There are 2 protein chains.
Amino acid sequence: MGTVSKALELLDLFTRGRPQIGLSELARLSDVNKATCYRLMSELQNHGLVEQVGAAREYRLGPAVLRLSALREAHVPMREAAMPVLQELARVTGETAHVSVLSCGQLRSIAHAYSGAFGTKVIMDDVHVLPFHATSSGMAVLAHLDGANQTAELQKPLLSRTANTETDPAKLAQRLRDIAALGYAESAGGYEAEVHSFAVPLFDSAGACSGGLAVASPRSRVTPDQTRVTLAALTRAGRELTELWGGTLPPAIDDKWRALA
Amino acid sequence: MGTVSKALELLDLFTRGRPQIGLSELARLSDVNKATCYRLMSELQNHGLVEQVGAAREYRLGPAVLRLSALREAHVPMREAAMPVLQELARVTGETAHVSVLSCGQLRSIAHAYSGAFGTKVIMDDVHVLPFHATSSGMAVLAHLDGANQTAELQKPLLSRTANTETDPAKLAQRLRDIAALGYAESAGGYEAEVHSFAVPLFDSAGACSGGLAVASPRSRVTPDQTRVTLAALTRAGRELTELWGGTLPPAIDDKWRALA
DNA sequence: ACCGTCGGTTCGAATAATAAACCATCTACG
DNA sequence: CGTAGATGGTTTATTATTCGAACCGACGGT
């Protein structure tokens with residue numbers, strides 16, 4: 001693995017629950033030698049991606065990330081457009097909603113919204129890359145990808161995250177066919193045992209699948225009624241977001257979603 | 001220079017005016033060998049910091065930057081807090097307003113706001129790191145830094161950006177004393193020949209200078225009247241932002257700013 | 001005074017980055 | 001149609017950079 005990748009992996013250790021990390025702990029968490037870790041962090045620091053703060057000289061993300069993000073949003077305003085849609089989706093369903101985009105063969109979560117309706121909710125703060133086979137978003141996207149990309153993904157090793165994760169390529173392929181026929185995907189605890197989620201695919205201007213929109217809830221709150229409400233809201237939001245991002249819904253999907261409204 | 005720094009410099013080539021760059025052009029702009037450039041970009045791409053798009057396979061900033069920025073803002077919400085203050089400042093003065101923060105000895109611009117009042121305005125889109133000696137923000141910050149950091153900065157080479165840039169360390173030190181006495185800084189074309197700006201320092205909870213707040217205008221619009229309006233708005237906004245960021249204004253500054261209100 | 005941990009540094013050995021040349025592909029243009 | 005010059009991407013031996021064990025001084029608790 002290249003040096004740059006190591007440095008970037010260090011960046012990924014910062015999460016909502018662990019926003020500041022000292023040098024030694026960083027080295028421990030990353031399995032990188034402390035000296036190496038120090039040098040890498042120093043380089044990141046020189047470019048403002050991280051900064052050191054306080055007497056303990058702990059590292060945290062620096063001001064330069066704001067510039068990068070503002071620049072990306074100025075050029076490709078996805079997150080900003082998605083936020084109100086997400087918030088409405090979270091409000092209507094009472095559950096956690098999140099969007100992810102397909103980028104270079106990876107599905108990356110870019111925004112999420114919570115609902116205050118219940119004392120428990122699914123936390124999405126620290127999720128970056130979604131595994132295709134173990135999440136509803138991933139399966140929704142995969143099911144609507146062209147055949148080549150889909151089979152390529154199915155041939156990669158399918159890691160089991162819970163007892164409910166589907167790891168058999170043949171069975172997964174069948175499931176993807178079902179999902180493509182339904183127009184939405186469902187994951188019953190495939191990512192985290194207690195999390196149940198529904199997802200719909202999103203499409204770009206060429207009509208290719210470009211991301212996923214999902215609602216995740218504790219499995220205990222999943223009922224036929226709630227499922228109906230969720231799917232209706234999800235398809236409505238999916239239609240809206242696809243449009244906001246300048247995409248077009250394939251007619252086949254449009255038909256299936258109408259049936260769920 | 002380390003490999004990581006090279007990769008990060010590639011990231012800095014993306015600007016508002018040049019948001020997508022092909023491989024060959026990237027290599028040309030960065031003076032890095034094309035093969036090297038390709039490898040570096042591939043590593044950045046694997047982590048989602050950049051993505052390739054379109055038939056030309058041009059690179060642009062990727063979705064991962066959104067996560068980093070959201071994480072930073074969740075932990076240190078500076079930008080979000082600053083935006084309304086900046087917008088109001090831009091509105092009242094009719095000119096461009098911007099904030100910068102001190103991080104690891106560098107002054108980095110983190111947000112700016114424009115006014116629609118005039119057909120010409122100062123553009124801050126592509127400015128990342130502000131030179132201390134050539135900008136009003138830089139001088140305002142430098143003047144309120146502790147002696148050691150200040151002299152350290154004065155000993156670095158002072159690059160001349162325009163005919164009006166002060167590059168004599170002794171004269172600059174005198175100017176910093178004047179600025180400290182006034183409570184604000186003024187730069188008459190020290191950064192760009194046609195840009196005139198005023199800035200005030202911002203302070204953290206320990207009362208140490210942590211950044212700068214500035215208003216920049218074309219020099220032709222600077223009049224005694226406008227200067228008075230600008231300084232009043234600037235000190236008001238500086239007081240507000242220092243408070244929003246959880247800082248405390250040193251009493252000496254407070255007094256000076258009252259006189260300008 | 002001891003022990004463990006912290007951030008930071010050193011230096012020879014080992015590894016990863018480098019640059020030039022090379023491909024295949026595309027577009028422009030005569 | 002065919003050439004010329006772009007482009008993105010790949011390979012190679014050479015070389016420079018990165019690596020990691022051990023070390024340092026400082027701090028905090030026992």
Side-chain angles (χ1 to χ4, degrees), chain A residues 1-14 18-62 75 102-106 148-149 152 206 208, chain B residues 1-14 18-62 75 102-106 148-149 152 206 208:
Chain A
M1 186 184 26
T3 313
V4 176
S5 296
K6 281 181 195 152
L8 297 181
E9 278 185 10
L10 290 181
L11 274 190
D12 279 342
L13 292 175
F14 294 90
R18 201 200 299 121
Q20 290 193 184
I21 314 181
L23 177 61
S24 294
E25 194 181 351
L26 208 47
R28 229 176 293 121
L29 289 168
S30 61
D31 261 323
V32 170
N33 185 280
K34 191 159 57 105
T36 305
C37 195
Y38 176 70
R39 207 173 30 75
L40 295 177
M41 291 307 284
S42 297
E43 292 199 64
L44 292 175
Q45 181 175 264
N46 285 336
H47 283 262
L49 282 187
V50 301
E51 62 184 2
Q52 276 181 300
V53 68
R57 320 231 63 197
E58 285 194 320
Y59 294 92
R60 72 177 181 201
L61 293 179
H75 183 220
L102 194 60
S103 173
C104 308
Q106 286 184 327
N149 283 323
Chain B
M1 184 184 31
T3 313
V4 176
S5 296
K6 281 181 196 153
L8 297 181
E9 279 186 8
L10 289 182
L11 274 189
D12 280 342
L13 293 175
F14 293 90
R18 202 201 300 120
Q20 290 192 185
I21 315 182
L23 177 61
S24 295
E25 194 181 353
L26 209 47
R28 229 176 294 123
L29 289 169
S30 60
D31 260 323
V32 168
N33 185 281
K34 191 161 56 111
T36 305
C37 194
Y38 176 69
R39 205 175 30 74
L40 295 176
M41 291 307 283
S42 297
E43 292 198 65
L44 293 175
Q45 181 175 265
N46 286 336
H47 284 262
L49 281 187
V50 302
E51 62 184 2
Q52 276 180 300
V53 68
R57 319 233 62 197
E58 285 194 321
Y59 294 92
R60 71 177 182 202
L61 294 178
H75 183 221
L102 195 59
S103 173
C104 308
Q106 286 185 327
N149 282 323

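Just so it is clear, the structure is predicted and the values come from calculations on it, not from any experiment. Order of the sequence lines fixes the chain letters, A, B, ..., with proteins taken first and strands second; residue numbering starts at 1 for each chain.
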Terminal contacting nucleotides, 5' and 3', DNA chain D versus chain B (heavy atom, 4.0 Å)
D/dT7 to D/dT18
For A/I21 and A/L13, which heavy atoms make the closest approach, and how far apart are they?
CD1-O, 3.7 Å
Heavy-atom donor-acceptor pair, B/Q52 side chain to B/R57 backbone, under 3.5 Å
yes
Readout for nucleotides 7-23 of chain C: B = base within 4.0 Å of protein heavy atom, S = sugar-phosphate only, - = neither; 5' to 3' it is BBBB-----SSBBB---
Counterpart residues, side-chain hydrogen bond (donor to acceptor under 3.5 Å, both in side chains), relative to A/Q20 (two or more places apart):
A/E58
Closest approach of A/C37 to A/A27 (non-hydrogen atoms, all atoms of both residues)
SG-N, 3.8 Å
If each end axis of the helix from C/dA1-D/dT30 to C/dG30-D/dC1 is fitted on five C1' pair positions, the angle between them, to 10 degrees, is 40°
The side-chain contact (heavy atoms from CB on, under 4.5 Å) partner of B/L10 among B/L49, B/V50, B/L40 is B/L40
Any pair counted as salt bridge (Lys or Arg N to Asp or Glu O under 4.0 Å), so long as it reaches residues 46-55 of chain A, sequence neighbours left out:
A/E51-A/R60, A/E51-B/R72
With sequence neighbours left out, the residues meeting side-chain hydrogen bond (donor to acceptor under 3.5 Å, both in side chains) with A/E25 are none
Sequence neighbours excluded, every pair satisfying side-chain hydrogen bond (donor to acceptor under 3.5 Å, both in side chains) that has a member inside residues 29-45 of chain B:
A/S5-B/E43
Kindly determine whether A/L61 and B/H75 satisfy side chain to side chain contact (heavy atoms under 4.5 Å, CB included), including the steps that lead there.
CA-CA 9 Å; A/L61 293 179; B/H75 183 221; over 6 Å; no
Nearest heavy atoms of B/A7 and A/V4, plus distance in Å:
CB-CG2, 3.8 Å
